[in-house]
Amino acid sequence: MQKPLIDYLPSRFWLMKTEPDVFSFSDLEQRLGQCEQWDGVRNYQARNFMMQEMKVGDKILFYHSNAQPSGIAGLAEVVEAAKPDLTALNPKSEYYDPKATPENPRWYAVTVGKPKKLHRFVSLAELREYEPLKEMLLLRKGQRLSILPVSQTEFNHILQLAILHK
DNA sequence: GCCAACGTTGGC
DNA sequence: GCCAACGTTGGC
């Protein structure tokens with residue numbers, strides 16, 4: 001069996017939003033095995049990124065939203081490809097979706113792991129200051145998607161920011 | 001807590 | 001397929 005060509009694509013870069021009150025970067029660090037399935041996503045575009053585009057090894061900017069302040073809290077990686085999000089099948093879960101069935105689970109999620117600390121937190125306000133980041137999807141007006149592709153240039157630039165002290 | 005900007009739902 | 005109503009996101 002030939003490996004699908006898509007598996008030969010270089011790993012890519014993503015930004016994943018989470019509310020730190022619900023699940024924070026330090027929560028990921030403290031998880032057993034330091035990984036967590038990214039369940040609870042109930043937006044098709046975000047789901048499709050996870051199902052169709054995200055590959056093991058892809059790098060992640062771990063973003064805290066609805067926070068004081070909001071911003072990039074750390075790095076992580078995709079450690080397991082998308083599999084069914086079982087919270088959708090659990091009536092007791094706050095993420096329960098009555099339209100999901102075991103035959104057609106409807107929602108899928110990758111597993112995120114390998115948390116890596118940055119030297120410092122990079123706030124949303126700071127990201128907005130830099131010309132090279134002007135095109136970032138995150139900074140677009142009205143952008144609410146919880147999973148966003150990030151270019152290699154943007155990713156590298158943010159890494160530099162997090163290394164240099166402001 | 002406010003509210004703009006989206007996404008989803010469901011009647012027609 | 002249209003679109004009004006509603007729910008959600010997320011910065012501020």
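We name chains A, B, ... by the order of the sequence lines, and we start the count at 1 in each one.
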Student: I'd like to check the side-chain contact (heavy atoms from CB on, under 4.5 Å) partners of A/Ser65; sequence neighbours left out, ordered by chain and number.
Tutor: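 Expected list: A/Lys17, A/Glu19, A/Tyr63.
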
Student: Can you list, by residue number, the residues of residues 20-28 of chain A that have a non-hydrogen atom closer than 4.0 angstrom to DNA chain B?
Tutor: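 Hits under 4.0 Å, by residue number: none.
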
Student: Under 3.5 Å, is there a donor-acceptor pair between the A/Thr87 and A/Asn90 side chains?
Tutor: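 No, because no side-chain N or O of A/Thr87 sits under 3.5 Å from a partner of the opposite role on A/Asn90.
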
Student: Would you mind checking if A/Arg106 and A/Asp97 are paired as a salt bridge, meaning a charged N to carboxylate O distance below 4.0 Å?
Tutor: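 Result for this pair is yes, salt bridge flagged.
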
Student: Minimum heavy-atom separation for A/Phe155 and A/Val150, please, with both atom names.
Tutor: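 Between these two residues, the closest heavy atoms are N-CG1, 3.8 Å.
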
Student: Counting primed atoms plus P, OP1 and OP2 as sugar-phosphate and everything else as base, spell out the protein contacts along nucleotides 5-12 of chain C at 4.0 Å heavy-atom distance: B, S or - for each nucleotide, 5' to 3'.
Tutor: --BBBBBS

Student: Which class fits the ring pair A/Phe62 and A/Phe23: parallel under 30°, tilted 30 to 60°, perpendicular over 60°?
Tutor: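 Judged by the thresholds at 30° and 60°, the geometry between A/Phe62 and A/Phe23 is tilted.
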
Student: Identify, between A/Arg42 and A/Gly142, the residue whose nearest nucleotide on DNA chain B lies closer to the 5' end.
Tutor: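 Comparing both residues, the 5'-ward one is A/Gly142.
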
Student: Can you see which heavy atom on A/Arg12 is nearest to which on A/Asp58, and at what distance?
Tutor: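 Of all heavy-atom pairs spanning A/Arg12 and A/Asp58, the closest is N-OD1, 2.9 Å.
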
Student: Which atom pair, heavy atoms only, marks the closest approach of A/Phe25 to A/His64?
Tutor: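 That closest heavy-atom pairing would be N-NE2, 3.0 Å.
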
Student: Quick one, A/Trp107 with A/Tyr44, criterion ring pair (Phe, Tyr, Trp, His ring centres under 6.0 Å). Give me CA distance, side-chain angles, the key distance, then yes/no.
Tutor: CA-CA 8 Å; A/Trp107 301 107; A/Tyr44 284 106; 4.7 Å; yes

